[in-house]
Amino acid sequence: MSHDQADYLELLARGAAAEAYERPTLLARASGAGPETLAALEHAKQLALRVRAELEGRRRREAELSALFETAHDLAGLRDLDAVLRAIVQRARSLLGTEVAYLSLNDPSAGDTYMRVTEGSVSARFQQLRLGMGEGLGGLVAQTARPYVTDSYFDDPRFEHTRTIDTAVRDEGLVAILGVPLMLGSQVIGVLFAADRRERVFERGQVALLASFAAHAAVAIDTANLLAETRSALAELEKANEIIRDHSGVIERASDIHDRLTEVVLRGGGVDDVAAALSEVLDGTVRFTDSHPDAPGADGRAIRRGQEWVAAVSAGGEDLGALVLRGHADLDPVDRRTLERGAMVTSLLLLARRSAHEAEQRVRGELLDDLLDAPDRDPRLLRERAARLGADLDVPHLVLAARMEGPDAGAPEQESAGRGAAGRVGGRGTGTSVERESADRQRLWAAASHLAATRSGLAAARDGGAVLLLPLGPDDDASALARRTARQLGGALRESVTVGASAPVAGPADDPGPIAGAYDQARRCLDALRLLGRAGQGAAAQDLGFLGLLLADPGDIDGFVGRTMGEVVAYDRRRGTDLVRTMDAYFASGMSPARTKDALHVHVNTVAQRLERIGRLLGPDWQSPGRALEIQLALRLHAMSEAVAR
């Protein structure tokens, strides 16, 4: 090998740019080298460039695999969906070297796909874009479940160009676009894009890489499976042990701790079992603490703090505690890695325990749903399911309906209207009220499930609130249990919670049928409490006097309302008038027309005219004490039935 040819090896070794490979040939030609020498140099140059291209390809594939590994790590650790999706979009943009990357999700209710995450975008119009199925490149990907790519979007006739989409794309300045589907099984849930503001041809490998990122995004949306996390962690422990076997002389100790930790996981051991196994292997004392003032960050590394070694126990950025090792001042790399792996297994066990608790809550809710919706189930199976949850369905129980209260508590019709407005806003893409209401319902269900578990009862989310089936102790009564439940749920949530209770249900295991009726009774009691201005309290029908008797056995409530004030209700419906609300305000104002007109914000003459019309419809004695009492009760019942109907 000549000196000039050796120059190419030096260029390869230091990763020189492609143009630097011309220099040896130019120098040889300038020094008067012969044709054979130049030909040899040219051949060496071509070989070196081929090697360089192969090395560049391997580096690129290594970067791609690293990015995919980091994405998978985020899925295992992060619990915030937005953070995972942002990481995927950022890495897709970085690895493909595009100016913009973005991700859209399908909206089945609207029948379109909307922008969820963008990176590198500068146009607000583009960031809020919604694409109908089949419209534009993204709509076509979402509709066909196939990747599409174009090097010049506006010149590509394959796509349905609409004014809205083209305006947004033009505002962003995009030209070359690549889109791949996000798939859950055979269902498309969204699209992942990479785009440039200039013409560009995307290679097949880049399409495949973006598709891999899309697959990870779909997994993040569908949520990571905790069992898969556990298996992945165990596989990583095995991999770590294989590395230790290859690079250290302590294979037996590493294998021993791996086996011990694996056994702890597989036999359902707890955090204390992990600490005990680590204490024996590391020849020290290991304990788990919920918090440690000198705990390291969440990078998983064990750090020395004085005479202790501390390894953080965390997942997805959440600090779960720390493992603390005492009595072993010096740790070699293997021991340190052992402590770190123990912290990882501890975090998985803590997450598994949390997941098991959530699963138990769901099972309790499913059993209660079956008792409410399918009372003809086999009593023996119901008893067995209840026994596994620590519930005894052979003793008397109480059904309670609970609901969190907001600023509109006590006015169900306004609340219903507010929910409708929130739903409409959510349909336009903001959905803040809907998301907040959904989060509140989730919190209420979680609190109710925890309370039910501590009382050997059942709980489920239902009808915008929660329903509980609690055993009735010998010293309990419906009223006291309802008040206590409202107080406990309100304290746990730091929010006002209204609770209505049914009459006791004897032995629901033998005859679950009455549970559904008891739930209806509890809901009517809850609605009555809110209508009576007692939101945030707990009560049973027996606490509501004559109204409570009607709630306990509704009988002919509609008939009573119809006989008492039906003509006024019918008149309002035919004429679009407001006589019912006028009567309600009139009685609430102490039968004073002056105060009534202030409450209704109308002229006093209008109040007089309406009262005269009411008198013609109900008769001249409608303001007598007896008739007035009946009419006020009918007004309450009518308002409650209207609220329930909404």
Nearest non-hydrogen partners of [X] and [Y], listed with the distance:
X      : Y      : answer
Arg403 : Asp463 : NH2-O, 3.1 Å
Ala585 : Leu600 : CB-CD2, 3.8 Å
Asp369 : Ala460 : OD1-CB, 3.8 Å
Ala518 : Val505 : CB-CG2, 3.7 Å
Leu398 : Ala501 : CD2-CB, 4.0 Å
Ala401 : Tyr519 : CB-CE1, 4.1 Å

Give a yes or no on whether the backbone of [Y] and the side-chain of [X] come within a donor-acceptor separation of less than 3.5 Å.
X      : Y      : result
Asn106 : Pro108 : no
Arg116 : Leu85  : no
Glu630 : Thr564 : no
Ser502 : Val399 : yes

Test side-chain contact (heavy atoms from CB on, under 4.5 Å) applied to Arg462 and Asp373, step by step: CA-CA 12 Å; Arg462 206 172 184 89; Asp373 299 331; 2.3 Å; yes
Evaluate the side-chain proximity of [Y] to [X]: yes if any heavy-atom separation is below 4.5 Å, no if none is.
X      : Y      : value
Ser479 : Arg483 : yes
Thr596 : Arg610 : no
Leu611 : Gln623 : no
Leu458 : His397 : no
Leu103 : Leu182 : yes
Arg523 : Val467 : no

Hey, could you give me the [atom1]/[atom2] distance between [X] and [Y], rounded to the nearest 0.5 Å?
X      : Y      : atom1 : atom2 : result
Leu529 : Gln537 : CG    : CD    : 7.0 Å
Asp584 : Met565 : CG    : CE    : 8.5 Å
Leu635 : Met583 : CG    : CE    : 4.5 Å
Leu489 : Met404 : CG    : CE    : 10.0 Å
Arg636 : Ile631 : CZ    : CD1   : 14.5 Å

Phe587 and Trp622 aromatic ring geometry - parallel, tilted or perpendicular at 30°/60° bounds: perpendicular
Carboxylate-amine/guanidinium contact Asp440 Arg443, below 4.0 Å: yes
Verdict with supporting geometry, Thr498 and Glu405, side-chain hydrogen bond (donor to acceptor under 3.5 Å, both in side chains): CA-CA 7 Å; Thr498 306; Glu405 302 296 345; 2.6 Å; yes
Verdict with supporting geometry, Val602 and Thr582, side-chain contact (heavy atoms from CB on, under 4.5 Å): CA-CA 10 Å; Val602 298; Thr582 300; over 6 Å; no
Among Leu468, Leu481, Leu469, side-chain contact (heavy atoms from CB on, under 4.5 Å) partner for Arg455: Leu481
